[in-house]
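First up is the structure itself, then whatever we jot down about it.
Remember, it's a predicted structure, so these values are computed and weren't measured experimentally. Heavy atoms only: backbone and side chains are in, while hydrogens, waters and symmetry mates are out. In what follows, chains are A, B, ... by sequence order, proteins preceding strands, each numbered from 1.
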2 protein chains.
Amino acid sequence: MHAAMLEAPSRSVRTTIYSVPVPSVIAIKTHCSSCHLRDLCLPCGLAEADVDSLDGLMFARRKVKAGEALYLEGDKFLFIYAVRSGTFKASLTLADGRDQVSGFYMAGELMGLDGLAQGAYASSAIALEDTEICAIPYSLLSELSSSAANMQHVVTRLMSREIVREHSLMMLLGSMNAEERLAAFLLNLSQRLKARGYSAHEFHLRMSRAEIGSYLGMKLETVSRTFSAFALQGLLEVDKRHIRIVNPEGLKRSFELRMR
Amino acid sequence: MHAAMLEAPSRSVRTTIYSVPVPSVIAIKTHCSSCHLRDLCLPCGLAEADVDSLDGLMFARRKVKAGEALYLEGDKFLFIYAVRSGTFKASLTLADGRDQVSGFYMAGELMGLDGLAQGAYASSAIALEDTEICAIPYSLLSELSSSAANMQHVVTRLMSREIVREHSLMMLLGSMNAEERLAAFLLNLSQRLKARGYSAHEFHLRMSRAEIGSYLGMKLETVSRTFSAFALQGLLEVDKRHIRIVNPEGLKRSFELRMR
DNA sequence: CGCTAAGTTGAGAGATGTCAAATATAGTGG
DNA sequence: CCACTATATTTGACATCTCTCAACTTAGCG
């Protein structure tokens with residue numbers, strides 16, 4: 001069953017070609033219980049007993065290099081992927097070949113849930129740096145759900161969380177201006193980095209201005225200008241992708257100006 | 001267990017007050033198998049045997065009048081609701097009391113799935129006209145999932161569908177201009193009405209310009225102007241909320257101008 | 001019959017997009 | 001190691017789109 005992961009995915013026609021390498025070695029496998037991400041990732045919220053049942057299985061690990069695709073929009077949905085390290089973007093390719101970024105994923109976050117509806121991934125997952133992931137066969141998860149009572153709730157809750165995440169992005173896109181969008185984005189990143197033990201106030205962006213812009217519904221020039229505006233206001237220090245949040249409270253205010 | 005539905009929901013503080021009436025009579029109950037919506041609604045995609053297991057239970061029906069709330073943001077998540085007739089809007093209240101519409105739901109569509117993540121609804125459901133709904137206790141659905149193998153997939157697939165729906169709304173908000181947004185909105189409505197046996201080309205909008213605008217991320221004046229522009233281009237005939245799509249192909253083109 | 005809410009339309013302001021140029025950076029091949 | 005190329009980022013000038021504010025119309029309702 002895991003062999004399916006090694007198959008070259010059925011590729012849809014597209015203008016941007018991402019390479020999908022065939023792993024050269026048999027994937028390493030990992031237990032959930034010994035994983036340093038267990039409090040953020042799939043097991044989060046599971047009872048002891050259920051984590052144990054998860055552990056009867058091991059999940060294949062795989063490295064994905066910067067710029068490579070983990071899966072492409074339209075590929076058959078077989079796995080849910082947990083990010084072990086590094087950052088991914090999820091993007092949808094529009095009919096004209098441009099793509100729109102629909103999310104960024106970091107360690108402990110799960111990707112691919114949008115594939116269930118159609119049996120094929122609705123978006124592509126592209127590594128923004130060298131990454132490592134856990135491949136969780138969906139079929140296994142289904143089986144487990146029948147035996148381990150809470151397992152199903154976990155999956156369902158994860159999906160619901162994804163819905164809520166998208167809700168808030170919709171709010172952002174629907175009712176916020178450029179400064180508010182970028183502030184919201186940075187504060188969200190900051191919070192997620194903090195939860196992972198990194199500094200909340202100083203970090204390196206893994207994505208380009210264009211990718212941020214695509215995600216936030218604005219042009220890359222506007223993203224750049226807004227960074228500069230924040231720097232001018234003394235809220236941030238910006239050096240290309242290196243960001244230092246000088247005044248988190250001020251940033252929050254600028255974001256709550258309209259939200260409040 | 002059904003009694004919970006009759007409880008007045010715990011209300012969060014808000015500026016807009018929606019009335020939540022206490023039903024005066026014991027709710028009527030309905031079988032899925034005899035429902036005229038069975039091909040659109042929950043049973044869609046279920047095997048015979050599983051529909052039967054659904055039918056061991058009956059779901060409480062309830063009427064919700066125009067302007068009333070079925071549930072409010074923050075209410076405890078107990079039910080998934082299927083629309084039997086009429087139209088709802090889902091809306092989130094921002095901190096300043098304005099609300100943002102996150103979706104419109106019509107017959108056969110399921111509401112409330114966003115409540116799972118937090119155990120509380122993430123949005124409010126407001127009836128845009130007199131409506132009737134089926135209340136499906138989530139706990140029952142969970143139980144069923146253990147026995148009926150496909151039931152769990154159905155719920156999960158429904159959630160995944162919701163994620164995909166929000167994906168496309170994000171794309172819309174992120175990369176389309178006013179005309180494209182309204183065209184996409186009208187074509188989506190048209191298609192859903194058609195699937196329900198109504199005319200695809202002539203219909204009555206149940207929502208105000210302001211609600212459309214909130215959903216599409218634009219001001220009500222811009223919505224109105226865009227309607228007028230479409231009428232001028234000979235694509236639509238617009239008389240307040242009565243819409244006739246004169247040139248569906250043209251509308252599609254105007255919407256695909258940027259998408260193509 | 002007047003009141004209120006919804007919708008339409010106009011004029012001007014403000015925000016963001018577009019196009020273009022300059023600079024910086026990283027990776028490549030000689 | 002260096003020059004060179006491609007890419008990312010910043011910034012300016014101007015165009016365009018959408019918002020804001022305001023007036024007016026229409027329809028529904030007590």
Does the Lys NZ or Arg CZ of B:Arg209 fall within the cation-pi geometry relative to B:Phe227 - under 6.0 Å from the ring centre and within 45° of the axis?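 Geometry flag: set, cation within 6.0 Å and 45°.
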Is the phosphate of D:dT11, meaning OP1 or OP2, less than 4.0 Å from a side-chain N or O of A:Ser228?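 Answer yes for this pair, as a side-chain N or O of A:Ser228 is under 4.0 Å from OP1 or OP2.
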Review item, nucleotides 13-18 of chain D N/O atoms under 3.5 Å of protein N/O:
unit_1, atom_1, unit_2, atom_2, d
D:dA13, N6, A:Arg225, NH2, 3.3
D:dT18, OP1, B:Ala178, N, 2.8

Calculate the interatomic distance between [X] atom [atom1] and [N] atom [atom2]; express it in whole Å.
{"X": "B:Leu236", "N": "C:dT8", "atom1": "CG", "atom2": "P", "value": "12 Å"}
{"X": "B:Phe227", "N": "C:dT8", "atom1": "CZ", "atom2": "P", "value": "8 Å"}
{"X": "B:Arg209", "N": "D:dT26", "atom1": "CZ", "atom2": "P", "value": "16 Å"}
{"X": "B:Glu221", "N": "D:dT25", "atom1": "CD", "atom2": "P", "value": "18 Å"}
{"X": "A:Leu128", "N": "D:dA8", "atom1": "CG", "atom2": "C1'", "value": "15 Å"}
{"X": "B:Ile212", "N": "C:dG7", "atom1": "CD1", "atom2": "C1'", "value": "11 Å"}
{"X": "A:Glu129", "N": "C:dA26", "atom1": "CD", "atom2": "C1'", "value": "17 Å"}
{"X": "A:Glu180", "N": "D:dC19", "atom1": "CD", "atom2": "C1'", "value": "14 Å"}

Fit a plane to each ring of B:Tyr81 and B:Tyr121, take the angle between them on a 0 to 90° scale, and name the class: parallel (under 30°), tilted (30 to 60°) or perpendicular (over 60°). tilted
Donor-acceptor pair, side chain of A:Gln233 and main chain of A:Ala229, under 3.5 angstrom: yes
Closer than 3.5 angstrom, by distance alone: can the side chain of A:Arg196 be matched with the main-chain N or O of A:Gly108 as a donor-acceptor pair? no
Can you confirm whether more than 12 heavy atoms, excluding those of A:Glu129, are under 6.0 Å from its CD atom?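 Buried by this count: over 12 neighbours within 6.0 Å.
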Would you please test A:Tyr215 and A:Phe104 for ring pair (Phe, Tyr, Trp, His ring centres under 6.0 Å) and show each step? CA-CA 9 Å; A:Tyr215 181 62; A:Phe104 297 105; 5.1 Å; yes
